[in-house]
Engineer: 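Sharing a structure here in structure tokens format.
Bear in mind that the values here come from a model prediction, so they are computed numbers and not experimental data.
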Amino acid sequence: MKKRHLLLFFFIALFAGISCDSMRTELEPENTNPRLVVQAVWSQEDDFYQVMVRKSQPLWTKPIGEDYYMVKNATIRLKEGSREIIIPWSDGSYGGPAWGYLIPSSFFPLASGQTVTLDVSTTDGYHVTSTCIVPPPVTNNVSPTGIYTAKATGGYEYTFFVDYEITDIPGVANYYETACEATFKNQQGYFLQMEMAGKTGIFSDKQHDGGHYIFTAEGNYTDRAPDDSVHIHVVNISEAMFHFGRSTNTAQNSIEFFSEPTPIYTNIQGGLGIFSIYTSRRYSFPIGDYLK
């Protein structure tokens, strides 16, 4: 019986060894071509429209540096109805941002409700497009519901909290982003940047049209609490920017080593990136009126 077991083990091992050799192949990493990446996110209040164009880093290649993939010879056309303008590579003549494709916004005024197309082509055969609609102005009702402080942890003495409510404009689907900051008396230009507590500041009214949305912003400080004003920002963003922002937040906040990779949303047809236009408004409130 023992010999039969040894003989059986020998044939299993021999078969496994032959199978592994026969199944082994030398696989070369698949070569992938870079894709065109376009980034253009503008506000109607911006002085300049800026477009960044580069090529993605192909898989299985070593990082070379962002400048290596920068595209400086693209033809960029901005279109709205019968209007069209070419956005050139910035040579510094307009001022504004130091680099990128750039035009003053006064060269191509935009208004709410207009459909705008960005068309990008290169001399080596790349061609991508994207379209977005300029959103309406921000007219939401916004109000703080409470401002208070509490003992903090992690090296800070206190945490400054602002509870506030944003009322959605009923009707068509709206997409928003919100942020909050607090300022100090007699310290111009200095403010406490705050973060959303427990959730992202990007949201939609699809599930609760015309509803009230509650947020808590928090910021840590060590010696002096903000004592001047609270500034609540509400931004009307496109649906594309909503999905792009949610996907990038998910990717950046993933701390699990074995978590599934998060695809980053893009609205660039034929490429990668984001083209979006937004409107915004800042609401300011005296801290003393809401301090608990």
Engineer: Name all pairs fulfilling the salt bridge (Lys or Arg N to Asp or Glu O under 4.0 Å) condition that reach into residues 224-246, sequence neighbours left out, sorted by first residue then second.
Structural biologist: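 Those involving residues 224-246 are Lys206-Glu239, Arg224-Asp227.
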Engineer: Residues in ring-ring contact (aromatic ring centres under 6.0 Å, His included) with Phe161, at least two apart?
Structural biologist: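 Only Tyr148 meet the ring-ring contact (aromatic ring centres under 6.0 Å, His included) criterion with Phe161.
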Engineer: For Tyr126, give me all partners under ring-ring contact (aromatic ring centres under 6.0 Å, His included), at least two apart in sequence or on another chain.
Structural biologist: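 ring-ring contact (aromatic ring centres under 6.0 Å, His included) list for Tyr126, sorted by chain: empty.
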Engineer: Give me the atom names and distance for the closest heavy-atom approach of Val128 to Val38.
Structural biologist: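 So the two residues come closest at CG2-CG2, 3.8 Å.
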Engineer: If you draw a 6.0 Å radius around CD in Gln207, do more than 12 non-hydrogen atoms from other residues or ligands fall strictly inside?
Structural biologist: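 12 or below, so no.
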Engineer: Give the intermediate values and the outcome of side chain to side chain contact (heavy atoms under 4.5 Å, CB included) for residues Val235 and Val138.
Structural biologist: CA-CA 7 Å; Val235 185; Val138 176; 5.9 Å; no
Engineer: Going by atom type alone, with no hydrogens or angles, which donor-acceptor pairs under 3.5 Å involve a side-chain atom of residues 263-277 and a protein atom two or more places apart or on another chain?
Structural biologist:
from	atom 1	to	atom 2	distance (Å)
Thr266	OG1	Ile268	N	3.1
Thr266	OG1	Gly273	N	3.0
Thr266	OG1	Gly273	O	2.8
Asn267	OD1	Phe275	N	3.0
Asn267	ND2	Ser130	OG	3.3
Asn267	ND2	Phe275	O	2.9
Ser276	OG	Ser238	OG	2.7

Engineer: State, with a plain yes or no, whether a side-chain heavy atom of Pro88 is found less than 4.5 Å away from one of Ile103.
Structural biologist: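 They are in side-chain contact.
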Engineer: Holding to side chain to side chain contact (heavy atoms under 4.5 Å, CB included), I want the full list of residues that pass it with Ser229, two or more places apart in sequence or in another chain.
Structural biologist: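 So Ser229 forms a side chain to side chain contact (heavy atoms under 4.5 Å, CB included) with Thr183, His231.
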Engineer: Just jot down the side-chain hydrogen bond (donor to acceptor under 3.5 Å, both in side chains) partners of Thr248, sequence neighbours excluded, or say none.
Structural biologist: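 Once residues adjacent in sequence are excluded, Thr248 has no partner under the side-chain hydrogen bond (donor to acceptor under 3.5 Å, both in side chains) criterion.
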Engineer: Which residue pairs pass the side-chain hydrogen bond (donor to acceptor under 3.5 Å, both in side chains) test with at least one member in residues 73-86, sequence neighbours excluded?
Structural biologist: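 Applying side-chain hydrogen bond (donor to acceptor under 3.5 Å, both in side chains) to every pair that reaches into residues 73-86, excluding sequence neighbours, yields Asn73-Thr123, Arg77-Glu84, Glu80-Arg83.
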Engineer: Hey, which of Asp205, Thr139, Asp209, Asn141 is the one that makes side chain to side chain contact (heavy atoms under 4.5 Å, CB included) with Ile169?
Structural biologist: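 Result for side chain to side chain contact (heavy atoms under 4.5 Å, CB included) with Ile169: Thr139.
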Engineer: Output, in order, the C-alpha distance, side-chain angles, deciding distance and verdict of side chain to side chain contact (heavy atoms under 4.5 Å, CB included) for Phe285 and Ile232.
Structural biologist: CA-CA 8 Å; Phe285 304 92; Ile232 298 171; 3.9 Å; yes
Engineer: Nearest 0.5 Å, what's the CD1-CD1 distance between Ile287 and Ile147?
Structural biologist: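 If I round to the nearest 0.5 Å, the distance is 5.5 Å.
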Engineer: In a table with atom names and distances, give each donor-acceptor pair under 3.5 Å that connects a side chain of residues 212-219 to protein atoms at least two apart or in another chain.
Structural biologist:
from	atom 1	to	atom 2	distance (Å)
His212	ND1	Thr167	OG1	3.1
Tyr213	OH	His208	O	2.9
Thr216	OG1	Asp163	OD1	2.7

Engineer: Would you compute the distance between atom OG of Ser106 and atom CG of Asp46 and round it to the nearest 0.5 angstrom?
Structural biologist: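 Separation between the atoms: 12.5 Å.
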Engineer: Filter on salt bridge (Lys or Arg N to Asp or Glu O under 4.0 Å), then keep only pairs touching residues 110-138, sequence neighbours left out; what's left?
Structural biologist: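 Only Lys55-Asp124 qualify under salt bridge (Lys or Arg N to Asp or Glu O under 4.0 Å).
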Engineer: Take Phe160 and Met194, measure what side chain to side chain contact (heavy atoms under 4.5 Å, CB included) needs, and give me the verdict at the end.
Structural biologist: CA-CA 9 Å; Phe160 184 79; Met194 309 180 73; 3.6 Å; yes
Engineer: For side chain to side chain contact (heavy atoms under 4.5 Å, CB included), just list the numbers for Tyr278 and Val41, CA-CA rounded to whole Å, side-chain angles, deciding distance to a tenth of an Å, and then say yes or no.
Structural biologist: CA-CA 8 Å; Tyr278 65 90; Val41 179; 4.0 Å; yes
Engineer: Among Tyr158, Phe191, Phe184, find the residue that satisfies the ring pair (Phe, Tyr, Trp, His ring centres under 6.0 Å) test when tested with Tyr221.
Structural biologist: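 It is Tyr158, the one option of Tyr158, Phe191, Phe184 that forms the ring pair (Phe, Tyr, Trp, His ring centres under 6.0 Å) with Tyr221.
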Engineer: Apply side chain to side chain contact (heavy atoms under 4.5 Å, CB included) to Thr222 and list each qualifying residue two or more places apart in sequence or on a separate chain.
Structural biologist: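 Side chain to side chain contact (heavy atoms under 4.5 Å, CB included) list for Thr222, sorted by chain: Tyr156.
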Engineer: In the hydrophobic clustering that connects Ile, Leu, Val, Met, Phe, Trp and Tyr at side-chain heavy-atom distances below 4.5 Å, which members other than Val172 occupy its cluster, ordered by chain and number?
Structural biologist: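 Traced through the cluster, Val172 reaches no other member.
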Engineer: Go through the structure and list residues passing side-chain hydrogen bond (donor to acceptor under 3.5 Å, both in side chains) with Tyr290, not counting sequence neighbours.
Structural biologist: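 Once residues adjacent in sequence are excluded, Tyr290 has no partner under the side-chain hydrogen bond (donor to acceptor under 3.5 Å, both in side chains) criterion.
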